[in-house]
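What you see below is based on every heavy atom in this structure, not just the backbone, and it leaves out hydrogens, waters and symmetry mates.
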Amino acid sequence: MALEGEMVLKWEREQARLRESVKEEDTEDWQRSPDFSGLERVGGVDLSFIKGNDINACAHLVVLTYPHMKLLYEDCKMVTLNAPYVAGFLGFREAPPLLQALEKLKNEQPNLMPQVLFVDGNGLFHYREFGLACHLGVLSDLPCVGVAKNLLHVEGVLRSEEHHSQALRSSQSSTKPVYVSVGHRITLDTAVKLTHTCCLYRVPEPIRQADIRSREYLRCHVLTSDMG
DNA sequence: GCGACAG
DNA sequence: ATCTTGTCGC
């Protein structure tokens, strides 16, 4: 494999290329509606890992009803990740298996395709304005919202936050904010409002369910590595 | 120079 | 991301 330095240069070029396809606009009718009427399905994705293992993970996709957040579809699969985690390049590590899950859904239950996807991580709020939510958005062409639980220390953070990210105190009980940013085919304003309506707790329900269920899967189906 | 740095 | 139970409080 190439040295990490070379790989990063290649990734930076790829991000710059794909960045041009990000649409920071509301492209769907429901996004223009004050109460999001017409929105019926919201998706969420997440990956969970086992303690000392950073190449095998459980990739989870859920689709919930809107606005009631009831489970419509769920898919879970053990995957092998090909790229290491490098801050700022999460998409190259996590997007491939998540895109596969979306592809599977499109082939087997196209009627359950989510109309918008919540992604665990940033969108335009990113060093090169191309976080995981943009990566997934462009490659799937699905409207995407990035929701990060921690602040990514981007150069000029304050300016970035003003322009395409918003710290949101999603629920009354939570002091710690989440950081919402545009992934694809949605405005920041719509992304923030939508996130708010999907939060029962701090993290939007689609992401929360994907997270809970993927961990649950690992608990029940994966023996600890030292047992096998 | 050292640390910080989405998941 | 993950290692980790109970516990205090609204």
Side-chain angles (χ1 to χ4, degrees), chain A residues 4-5 8 11-12 15 18-19 22 44-61 76-99 101 117-138 144-158 160-161 164-184 188 191 195 200-204 206-219 222-227:
Chain A
E4 181 171 301
V8 162
W11 282 349
E12 285 178 343
Q15 288 183 328
L18 294 173
R19 169 68 182 88
V22 174
V45 287
D46 191 40
L47 262 63
S48 285
F49 296 79
I50 309 171
K51 38 188 178 182
N53 185 335
D54 46 354
I55 68 166
N56 295 116
C58 176
H60 215 99
L61 163 65
C76 187
K77 186 189 181 186
M78 288 306 298
V79 297
T80 301
L81 301 181
N82 300 308
Y85 169 70
V86 181
F89 301 94
L90 188 59
F92 295 96
R93 176 168 167 81
E94 300 198 350
L98 297 176
L99 286 167
L117 188 66
F118 279 94
V119 180
D120 204 345
N122 294 299
L124 287 177
F125 184 34
H126 178 269
Y127 305 116
R128 288 162 296 281
E129 300 189 336
F130 198 75
L132 176 60
C134 297
H135 207 124
L136 273 179
V138 167
C144 285
V145 177
V147 181
K149 297 184 291 297
N150 293 289
L151 184 60
L152 179 62
H153 292 228
V154 176
E155 226 178 315
V157 176
L158 297 179
S160 294
E161 281 196 81
H164 46 230
S165 168
Q166 185 169 317
L168 178 70
R169 293 182 60 172
S170 44
S171 69
Q172 296 291 341
S173 55
S174 63
T175 302
K176 192 176 179 183
V178 291
Y179 304 90
V180 179
S181 64
V182 171
H184 186 50
L188 178 58
T195 299
L200 278 61
Y201 303 97
R202 184 168 86 105
V203 175
I207 292 177
R208 185 170 164 269
Q209 286 300 320
D211 179 66
I212 290 173
R213 290 163 187 275
S214 57
R215 291 196 209 193
E216 164 83 8
Y217 182 89
L218 289 182
R219 267 217 328 266
V222 182
L223 301 175
T224 47
S225 49
D226 54 28
M227 289 177 69

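At the heavy-atom level, A/F92 lies nowhere under 4.0 Å from the strands shown. Counting non-hydrogen atoms under 4.0 angstrom, A/N122 reaches a base of the nucleic acid. Heavy atoms of A/D54 sit nowhere under 4.0 angstrom from any nucleic acid atom.
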Taking only N/O atoms, report every protein-nucleotides 2-6 of chain C pair under 3.5 Å with atom names and distance.
none

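The two residues A/K149 and A/D120 make their nearest non-hydrogen contact at NZ-OD1, 2.8 Å. Counting all heavy atoms, side chain and backbone alike, A/C134 lies closest to A/G123 at SG-C, 3.3 Å. Closest non-hydrogen pair, A/S165 versus A/L188, comes out as N-CD2, 3.5 Å.
A heavy-atom distance below 4.5 Å is not found between the side chains of A/L218 and A/F49. Contact annotation: the side chain of A/L61 never approaches that of A/K77 to less than 4.5 Å [non-hydrogen atoms, C-beta and beyond].
Mapping heavy-atom proximity under 4.0 Å, the span of DNA chain B touched by chain A runs 5' to 3' from B/dC5 to B/dG7.
A/W11 and A/F92 have parallel rings, their planes meeting at less than 30° on a 0 to 90° scale where 60° marks the start of perpendicular.
The backbone N or O of A/G88 lies less than 3.5 Å from a partner atom in the side chain of A/Q15, making a donor-acceptor pair.
Only one option out of A/E129, A/R128, A/H126, A/H135 pairs with A/R19 in a side chain to side chain contact (heavy atoms under 4.5 Å, CB included); it is A/E129.
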